[in-house]
Amino acid sequence: MSQRYDHDAVEAKWQKKWEEARCFEASEDHSKPKFYGLIEFPYPSGQGLHVGHPLSNTAIDIICRKRRMEGYNVLFPMGYDAFGLPTENYAIKTGIHPAKVTEQNIARFRSQLKRLGFSFDWSREVNTTDPGYYKWTQWIFLKLFEHGLAYKAEIPINFCTSCKVGLANEEVVDGHCERCGGEVVQKVRSQWMLRITAYAQRLIDDLDAVDFIERVKTQQRNWIGRSEGAEVDFALAGTEDKLRVFTTRCDTLFGATYMVMSPEHPYIEKYRDRIENWAEVQAYREAAARKSDFERSELTKEKTGVPLKGLNAVNPATGREIPVWISDYVLMTYGTGAIMAVPAHDTRDYAFAKAFNLPIIEVVAGGDVEKEAFTDCETGRMVNSGFLNGLEVEQAKEKMIAWLEEQGIGARKVNYKLRDWVFSRQRYWGEPIPLVHCEKCGWVPLPESELPLVLPEIDDYTPSDDGSSALSRAKEWIHTTCPKCGGPAERETDTMPNWAGSSWYFLRYCDPHNDKEFASREALDYWMPVDWYNGGMEHTTLHVLYSRFWHKFLYDIGLVPTPEPYQKRTSHGMILGENGEKMSKSRGNVINPDDIVAEMGADSFRLYEMFMGAFDQPKPWSTTSARGCRRFLDRVWRLQDMLSAESGVRDDLKASLHGMIKKVSEDYEAMKYNTAIAAMMSFVNDVYAKGDITKEEFHALLTLLNPVAPHITEELNELLGYETPLYASTWPKWDEAALVASTVELGVQVNGKVRARVTVPAGLSKEETETQVLAAPEVQPWIEGKTVRKVIAVKNIVNIVVA
RNA sequence: GCCGGAAUGAUGGAAUUGGCAGACGUGACGGACUCAAAAUCCGUUGGUAGCGAUACCGUGUGGGUUCAAGUCCCACUUCCGGCACCA
């Protein structure tokens, strides 16, 4: 009898062996085909790993282990995205330097990850807070600056009142800070911005060339929010000025009965003297300024606004004067900050017109504008619209654009919802922005020789009361000389957001110890692009979009070989608590991976996470189900007591074995890990029913199971007497011929209902099958005395239609 | 409101993409082993009726297409994600 399966001993043994053999380190032999598998490097929080990390990691670990067995040179690296607020907040509280906290947290993460047996290439570990790494983050920033893609702007930013830090739009969730949940308000600050909008169209277009799961593509497209339309100039009566608007419905121009400007529109100040109700206007603007973007958009109900008395616009289509209003439903940050209002065909304009009794003119027939706005573009026909009358909406748009261009008062225009990326953080624990401000020369980049610009040692990490970072108090560090003129200059005290280091880390993995370049061109040519990248959906509009943008920029300036960083992007579903709710400390339903590993071992844990359900769907945790996975590994372990005296693959197991090889091979590739594992369970059940297994059959099973449960399978492989460890073995191939059984059981339907089963020899033609089935005794009771109208034989089904 | 995803036994989930619904696991029940328990092994387990073979019903709801629908079409309901006054 074999010994009991002792997961601790087995797993420790093999983890040590792998480390000593360095068998998962990527080779620099560039003649072999490569595979670059990637998972999002974790933020090393104080809490350690949660159950979601191993889900993503195991999924790609399986693919990487399989690829190695298929002969690929595999790069599967790991690192830490370690700049960020929780560490800094902890430092503020305790006074311990964030670098020190980071180091401790990384040590914990590393040991947890090693305990789970992932086949990472640990020799390539990166850490975004290491000056040797962030030197290159700063370097790339300088390249962006050099090419005009980094600029400083006075803009209203999202400001978290609790973190005292500016946030990108992507980091604001329901008017609250994504990280701490604090209230977010608008604050005007001078901020570094990255011109991601310059890449908006390419970020959409190039999605066609990559293999991302569809929901990632759609979500990115929606976030970028392309919309096609036209810009149109409306003359302001009695002035030389034009009020420019953006519209997607220029076909409805004849129906524009008033205009609305955002309360921040510069024309309001400009025409202050003409505005007769200035006090009222000013009061409205002040009230709007006090509201955050969130408040302004949250209360979708009541429309508010004030007319600008004394200022009228002229509808260029009708020549009529129409009033100009201001309202906070028009955003200064989109389009031109002003709109033409067509209440008959826009629901917001309709609500506004109803609230303030403004005229509603129908210009697209087909709805009932007495009741509601008619916004359908498919069925309507133009009316009350001069030269557009009778046209369909799409035709009318084209004709209107042509007319506008001819008149010189408008043009085709594409707008995007995507905004430029607010890149400054008023925080200590981030990459310093390597620029200095000189009175004479303005913003001057540091020369490359001065990189990395290292964070200075300070005692107090708290942001300053004026909202600037703790760095603003490091006077010695701040005061420097201008690299250009040698005069006195000051360093930038804002740091980069934590998305900076993660925007290019996959490049560093290709050549992580290079101190001359961020990565050698040779390494990049060989390894890039990432072949398969798995990560969370929450990063779709943040990290994935940002890193695509950086990568495209680096491609444009000739530093990387591919226009896209990731060839394939997949995403896992969230693991919920046992009660089906999201895991959280406050709900008290958090599962700690350490506990599970201690109880049943890393292999069982990995196996369970892969077996739980569809990889991309959310699914609840169940510790009892996890124990079922442990039970399966116990059954596999005991197969060593069931070794047959025979050898080779026996005929009666051949179909079952090859079926399993095929199923597992294909299902791994499709991330259908749950059904792959079910197939192996079925095979083991077959073996138990049969009573014994040969060494060769067992070895095939172990090879297939190895990517999911690497430790136990290596141990059994060794116990079986195989000298080559599984990690150095070859992935098995299935034999299609072996899959064909000698007989097939057909389900026989009569009028669509299964009535009988008939076993016939395999490989019969359709006609022969039909003849045999109609003659089969099991079928007779159902067709006797009836007319057989039709017989359909498909796959394993024969349907007989009788009357 | 818009864009995605989902709804299948007590339960997590399968179903070769139109072809025998419920694979595999959990739980439950029964049996074997044991002085006993645990562990293990072997069964049973969608519902209703029947001793039974069997019959009828059954994939959120209502219609439809088809020899055949969990799968396709139309109209809904509920839940989960994302976006949201984007002109």
For this session: Would you indicate what A:Arg755 reaches in the nucleic acid, counting non-hydrogen atoms under 4.0 angstrom: base, sugar-phosphate, or nothing?
Result: sugar-phosphate
Exercise. Using a heavy-atom distance cut-off of less than 4.0 Å, which residues of residues 655-669 of chain A contact RNA chain B?
Worked result: none
Exercise. Does A:Glu398 have any side-chain contact (heavy atoms from CB on, under 4.5 Å) partners at least two apart in sequence or in another chain, and if so, which?
Worked result: A:Arg412
Seminar exercise, completed: Contacts of A:Thr624 meeting side chain to side chain donor-acceptor pair (under 3.5 Å) (sequence neighbours excluded), chain-then-number -> A:Ser622
Problem set entry | A:Ser604: partners by side-chain contact (heavy atoms from CB on, under 4.5 Å), with sequence neighbours left out | A:Met600, A:Arg630, A:Leu633
For this session: Mind checking salt bridge (Lys or Arg N to Asp or Glu O under 4.0 Å) for A:Glu581 and listing every partner two or more places apart, or none if nothing turns up?
Result: A:Arg587
Problem set entry | Spatial distance of atom CD (A:Glu538) from atom OG (A:Ser571) [nearest 0.5 Å] | 7.0 Å
For this session: Describe the nucleic acid contact of A:Ala614 in one word from base, sugar-phosphate, nothing, applying a heavy-atom distance below 4.0 Å.
Result: sugar-phosphate
Exercise. Does OP1 or OP2 of B:A87 have a side-chain N or O of A:Ser227 closer than 4.0 Å?
Worked result: yes
For this session: Give the nucleotide from the list B:G5, B:C57, B:C20 with an atom nearest to the side chain of A:Gln617.
Result: B:G5
Problem set entry | Atom P, compared across B:C74 and B:C24: separation rounded to whole Å | 36 Å
For this session: Assess whether atom CE of A:Met574 is packed by more than 12 heavy atoms of other residues, nucleotides or ligands within 6.0 Å.
Result: no
Seminar exercise, completed: Applying side chain to side chain donor-acceptor pair (under 3.5 Å) to A:Lys354 and not counting sequence neighbours gives none
For this session: Let me know the distance between CD of A:Glu372 and C1' of B:G1, rounded to the nearest Å.
Result: 13 Å
Seminar exercise, completed: RNA chain B nearest-nucleotide lookup for A:Ala689 and A:Asn415: closer to the 5′ end is A:Ala689
Problem set entry | Length of the OH-C1' vector between A:Tyr608 and B:U11, whole Å | 11 Å
Exercise. Of all residues at least two apart in sequence or in a different chain, which pass the side chain to side chain donor-acceptor pair (under 3.5 Å) check with A:Gln617?
Worked result: none
Exercise. Can you check side-chain hydrogen bond (donor to acceptor under 3.5 Å, both in side chains) on A:His539 and A:Glu40, steps first, answer last?
Worked result: CA-CA 10 Å; A:His539 289 128; A:Glu40 287 162 354; 3.1 Å; yes
Exercise. To the nearest angstrom, how far is A:Met610 atom CE from B:A14 atom C1'?
Worked result: 17 Å
Exercise. Between A:Lys662 and A:Glu736, is there a side-chain N and carboxylate O pair less than 4.0 Å apart?
Worked result: yes
Exercise. Taking only N and O in the side chain of A:Arg638, is any of them less than 4.0 Å away from OP1 or OP2 of B:A39?
Worked result: no
Anything under 3.5 Å between a protein N or O and an N or O of nucleotides 25-28 of chain B, put it in a table, one pair a line.
unit_1, atom_1, unit_2, atom_2, d
B:G25, OP1, A:Asn685, ND2, 3.3
B:U26, OP1, A:Arg631, NE, 3.1
B:U26, OP1, A:Arg631, NH2, 3.0
B:U26, O2', A:Thr624, OG1, 3.4
B:G27, OP2, A:Arg631, NH2, 3.2

Seminar exercise, completed: Contacts of A:Phe352 meeting ring pair (Phe, Tyr, Trp, His ring centres under 6.0 Å) (sequence neighbours excluded), chain-then-number -> A:Tyr258, A:Trp325, A:Tyr329, A:Phe356
Exercise. Looking only at atom C1', what distance separates B:G47 and B:U59, rounded to whole Å?
Worked result: 13 Å
Exercise. Looking at A:Lys672, does any N or O in its side chain come under 4.0 Å of the phosphate oxygens OP1/OP2 on B:A15?
Worked result: yes
For this session: Determine the interatomic distance between C1' on B:C72 and the same-named atom on B:U11; round to the nearest Å.
Result: 30 Å
Exercise. Expressed in angstrom and rounded to an integer, what is the separation of A:Trp734 atom CH2 from B:U16 atom C1'?
Worked result: 13 Å
Seminar exercise, completed: Of B:A15, B:C20, B:A87, the nucleotide closest to the side chain of A:Ile797 is B:C20
Exercise. Between A:Arg221 and A:Asp208, is the closest basic N to carboxylate O distance under 4.0 Å?
Worked result: yes
For this session: Please check the phosphate of B:U40 (OP1 and OP2 only) for any side-chain N or O of A:Arg4 closer than 4.0 Å.
Result: no
Exercise. Can a side chain N or O of A:Lys619 be found less than 4.0 Å away from OP1 or OP2 on B:G5?
Worked result: no
Exercise. Taking only residues two or more places apart in sequence or in another chain, which ones pass side-chain contact (heavy atoms from CB on, under 4.5 Å) with A:Ala655?
Worked result: none
For this session: State whether the distance check finds a donor on one side and an acceptor on the other, under 3.5 Å, for side chain A:Lys417 versus base B:C83.
Result: no
Exercise. Would you write out the dot-bracket form of RNA chain B, 5' to 3', with Watson-Crick and G-U pairs under 3.5 Å, [ ] for crossing pairs, | for pairs to other strands and . for unpaired bases?
Worked result: (((((((..(((......[....)))((((((.......))))))((((....))))..(((((..]....))))))))))))....
Exercise. On RNA chain B, nearest-nucleotide positions of A:Met537 versus A:Ala338: which is more 5'?
Worked result: A:Met537
Problem set entry | Per-nucleotide protein contact string for nucleotides 67-80 of chain B, where B marks a base within reach and S marks sugar-phosphate only (heavy atoms under 4.0 Å, - for neither) | BS------------
Problem set entry | Separation of the C1' atoms in B:U71 and B:U16, to the nearest angstrom | 13 Å
Seminar exercise, completed: Of B:G13, B:C85, B:C3, the nucleotide closest to the side chain of A:Thr218 is B:C3
For this session: Could you measure between the two P atoms, the one in B:G27 and the one in B:U78, and give it in whole Å?
Result: 36 Å
